[in-house]
Amino acid sequence: MMAKPLEQMQHNPPISGVWPDATGHFGTYGGRFVSETLMPALEELEIAWRHYLSDARFIERLDQDLATFVGRPSPIYWAENLTRAAGGAKILFKREDLNHTGAHKINNTVGQALLAQAMGKRRVIAETGAGQHGVASATVAARLGMECIVYMGSDDIERQSPNVYRMKLMGAEVVSVDTGSRTLKDALNEAMRDWVTHVDNTFYILGTAAGPHPYPAMVRDFNAVVGREARRQMLEHYGALPDALVACVGGGSNALGLFHPFIEDDSVDMIGVEAAGRGLSGDEHSATLCAGRVGVLHGSRTYLLDDDAGQIRDTYSVSAGLDYPGVGPEHAWLKDSGRARYVGVDDRKAMEAFHMVSRTEGIIPALETAHGLAYGIELAATMSPDQTVLINLSGRGDKDINTVAKLEGISL
Ligand SMILES: *Cc1c(COP(=O)(O)O)cnc(C)c1O
């Protein structure tokens, strides 16, 4: 067990805990490995983040938007049929799929966009892979009347045309990125490049709890509303904290959002589920914490997936949102400290859970979420009926039905 990591965050405002330290490190992870030209922008952002997250008026505005635009609080739902099928602990879902735009990502984009507004920035930029973060960014930019530019790999643009159209409907400009593997990591590099040249009027809305300090801590803080609500709801409705928390991990924002307010509750197990794709033994996965090694990616010291020459590897998962070769530095630290553990779930098991939850509960989960569900169901079966497993239902699966149908040879 690690030393006392942070202040308990049972309250609003969502002030940041003691971690990361003043230099943006979680133990030896995190930090700020960027070019000199980006340092002033990150320092300005850090000051604003620290200032506004303890500013009562900012928090009031944030809470109001989370309530009336996003639809918070999201309920905790007892998956009774699934519980019976698993035959062990009570399985509960935190219903982030019910948020506006259908996933947890909006918690972060609402927060960052309000921060951009408070800082007087009129132009926001974002990177996106499958398009979910791009859509969540375009959504809040439209709401606040900001110019929005989304960087997206050209391969992803082709694969995700409905999301590209959604962004355009809301007035965003989608910029095609043709470098590297023409996917998420290249889009992220391009967004950073834009930021360097337009620092004065531009705010970079990063989509997960990764990147240089203060992004990992800031994205965590904006998503921690999930865990704060869950903690309160568990005590109110079930009279006890859950025995285990389960969440899927891509960059790590939905998992940290749920885990963070429970970190000091030693009785609560925390398990992050990565995408094992076609198996952890080969190269076709994106299980960074399970199978990666420590290095520097996108401005942060963390676990990553690279080849023998130190080049970032192409990763794979059936779920586009988990398909990232890095992971947020706080997860690296939680893993090494033993406070959380990380497992891999492959495509096949995720697909099984996708179908099982759709059929037994009438909830079609996102393919990302299905990874967490697969492990959560397995875990519940090993526990006793008086225990509870709380799974973060990070998003709804409507966006994935074409992928699933295609894999099963069905044409829609
Ligand atoms: C993007 C996404 C994820 C993965 O991102 P994290 O930052 O790891 O949470 C998980 N679930 C859904 C539904 C997503 O859209």
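This chain uses plain numbering: 1 for the first residue, then up along the sequence. For ligands, and for the atoms within them, numbers begin at 1 and follow the listed sequence.
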If you measure every N/O of [X] against every N/O of ligand 1, is any gap under 3.5 Å?
X      : result
Gly251 : yes
Asn254 : yes
Cys248 : no
Thr208 : yes

Going by the order shown, which atoms of ligand 1 are within less than 4.0 Å of some heavy atom of [X]?
X      : answer
Ala366 : 13 (C)
Gly252 : 6 (P), 7 (O), 8 (O)
Gly250 : 8 (O)
Gly395 : 13 (C)

What heavy-atom pair brings Arg231 and Leu241 nearest, and what distance separates the two atoms?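 Shortest heavy-atom contact: CG-CD2, 3.8 Å.
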
Proximity of [X] to ligand 1 by residue part, where a heavy atom lies under 4.0 Å:
X      : answer
Asp97  : neither
Ser253 : both
His104 : side chain

Within 6.0 angstrom of Glu43 CD, more than 12 heavy atoms from elsewhere: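 Yes.
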
Evaluate whether atom OH of Tyr165 has more than 12 neighbouring non-hydrogen atoms of other residues, nucleotides or ligands under 6.0 angstrom away.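 No, because the 6.0 Å sphere around OH of Tyr165 holds 12 heavy atoms or fewer from other groups.
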
Any idea which protein heavy atom is nearest [atom], and the distance to it?
atom                    : value
atom 4 (C) of ligand 1  : Gly321 O, 3.4 Å
atom 15 (O) of ligand 1 : Lys105 NZ, 2.6 Å
atom 11 (N) of ligand 1 : Ser394 OG, 2.8 Å

Between Leu367 and Val404, is any pair of side-chain heavy atoms under 4.5 Å apart?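 They are in side-chain contact.
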
Please evaluate residues Asn108 and Asn223 with respect to the criterion side-chain hydrogen bond (donor to acceptor under 3.5 Å, both in side chains), reporting the C-alpha separation (whole Å), side-chain torsions for both, the decisive distance (0.1 Å), and the verdict. CA-CA 6 Å; Asn108 171 49; Asn223 265 301; 5.2 Å; no

Before accepting this row, confirm whether a basic side-chain N of the pair [X]/[Y] lies closer than 4.0 Å to the acidic partner's carboxylate O.
X      : Y      : result
Lys121 : Glu44  : yes
Glu190 : Arg193 : yes
Arg159 : Asp156 : yes
Glu330 : Arg339 : no

